[in-house]
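Everything below concerns the one structure shown next.
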Amino acid sequence: MPSPMQLALEEARAAAARGEVPVGAVVTGPRGEILAMAGNRVEERRDPSAHAEMLALRAAAAARGSKLLDGCTLTVTLEPCAMCAQAASYFRISRLIFGAYDPKSGGVEHGARVFCHPQAHHKPEVVGGVEEQACAELLRHFFAARRNRAG
């Protein structure tokens, strides 16, 4: 059985194939069961909030029939931006696992550092750098290909 990060990488690859920034996310329940998986759909939906994390969190909450995801884990291929980190806090995710760090747009270890603020509604356990090389490579290849097409 593939790990949640391997499933998130599959979602990221599928997003890249659709022309989306290759980010994938998986939400697992307290016993490790898959509740939801998603890849970015910003371009497809013409919606800047259609990040993989947002889509997976919403789908997991719907699957659970609850607005809260206590005991659940969000696994994502890229450090969440501030919007997605705040959403994880609002959904009460217990654990956040991410692959590649994002010094430019990250909101967990970089930038806004959402969970470090006293105003954070909820602070999940955070584990970064899981399969970091594979996650970062996917992004590097995607953006290099885009630069080559543009140039």
Side-chain angles (χ1 to χ4, degrees), residues 2-28 34-62 67-70 72-151:
S3 72
M5 184 59 80
Q6 290 167 333
L7 293 171
L9 278 162
E10 288 176 21
E11 289 289 333
R13 288 183 196 99
R18 293 189 302 272
E20 302 278 355
V21 174
V23 177
V26 174
V27 177
T28 51
I34 304 296
L35 297 176
M37 302 187 306
N40 274 356
R41 292 191 178 270
V42 171
E43 301 303 325
E44 175 186 304
R45 294 186 179 183
R46 293 178 175 82
D47 177 358
S49 72
H51 289 196
E53 302 96 316
M54 298 294 286
L55 299 174
L57 288 166
R58 290 173 183 151
K67 66 179 184 175
L68 302 179
L69 296 171
D70 299 85
C72 295
T73 299
L74 171 63
T75 301
V76 63
T77 57
L78 181 65
E79 175 184 351
C81 70
M83 173 183 69
C84 293
Q86 191 64 54
S89 177
Y90 284 139
F91 277 98
R92 301 293 194 271
I93 285 290
S94 293
R95 190 170 191 219
L96 166 65
I97 298 171
F98 67 86
Y101 290 85
D102 188 355
K104 181 179 178 187
S105 300
V108 177
E109 300 287 332
H110 297 89
R113 297 178 189 244
V114 169
F115 306 130
C116 293
H117 293 273
Q119 299 89 342
H121 291 253
H122 171 75
K123 299 175 185 183
E125 174 190 351
V126 175
V127 178
V130 175
E131 295 194 40
E132 179 180 7
Q133 186 173 348
C135 295
E137 255 327 280
L138 185 57
L139 288 157
R140 271 194 291 278
H141 287 303
F142 176 81
F143 286 112
R146 288 187 101 182
R147 282 191 298 277
N148 289 337
R149 280 195 302 263

Is there side-chain contact between [X] and [Y], with at least one heavy-atom pair below 4.5 Å?
X: F115; Y: L96; value: yes
X: S89; Y: K123; value: no
X: R113; Y: V108; value: no
X: L74; Y: L69; value: no
X: I34; Y: V26; value: yes
X: I97; Y: P4; value: no
X: V127; Y: R95; value: yes
X: V42; Y: E20; value: yes

What's the separation between atom [atom1] in [X] and atom [atom2] in [Y], rounded to the nearest 0.5 Å?
X: M37; Y: E11; atom1: CE; atom2: CD; answer: 5.0 Å
X: M83; Y: E53; atom1: CE; atom2: CD; answer: 7.5 Å
X: L9; Y: C135; atom1: CG; atom2: SG; answer: 4.0 Å
X: D70; Y: I93; atom1: CG; atom2: CD1; answer: 9.0 Å
X: M54; Y: N40; atom1: CE; atom2: CG; answer: 11.5 Å
X: Q133; Y: R140; atom1: CD; atom2: CZ; answer: 7.5 Å

Test log, rule side chain to side chain contact (heavy atoms under 4.5 Å, CB included), inputs E125 and S94: CA-CA 6 Å; E125 174 190 351; S94 293; over 6 Å; no
Determine the minimum heavy-atom distance between [X] and [Y], stating which atoms define it.
X: V23; Y: T77; value: CA-OG1, 3.4 Å
X: A15; Y: P22; value: CB-CA, 4.3 Å
X: D102; Y: S105; value: OD1-N, 3.0 Å
X: A60; Y: V27; value: CB-CG1, 3.6 Å
X: V126; Y: F98; value: CG1-CE2, 3.8 Å
X: L138; Y: A12; value: CD2-CB, 3.5 Å

Backbone of E79 reached by a side-chain donor or acceptor of E109 within 3.5 Å: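 Absent.
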Sidechain-backbone polar pair: E131 side chain, M5 backbone, donor-acceptor under 3.5 Å: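 The answer is no, because no donor-acceptor pair under 3.5 Å joins these two groups.
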N-O pairing of E10 and R13 below 4.0 Å: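 Between R13 and E10 there is no salt bridge, as every charged N stays at least 4.0 Å from the carboxylate O atoms.
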Residues R18 and E44 bridged, charged N to O under 4.0 Å: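 So R18 pairs with E44 through a salt bridge.
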Full working for side chain to side chain contact (heavy atoms under 4.5 Å, CB included) between Q86 and H121: CA-CA 9 Å; Q86 191 64 54; H121 291 253; 4.0 Å; yes
Residues, nucleotides or ligands: over 12 heavy atoms within 6.0 Å of K67 NZ: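 At most 12 heavy atoms, drawn from other residues, nucleotides or ligands, come within 6.0 Å of this atom.
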Steps toward side chain to side chain contact (heavy atoms under 4.5 Å, CB included) verdict (F91, H122): CA-CA 9 Å; F91 277 98; H122 171 75; over 6 Å; no
Stepwise side chain to side chain contact (heavy atoms under 4.5 Å, CB included) check, C72 with T28: CA-CA 6 Å; C72 295; T28 51; over 6 Å; no
Partners meeting ring-ring contact (aromatic ring centres under 6.0 Å, His included) with F143 (sequence neighbours left out):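 Result, ring-ring contact (aromatic ring centres under 6.0 Å, His included) vs F143: none returned.
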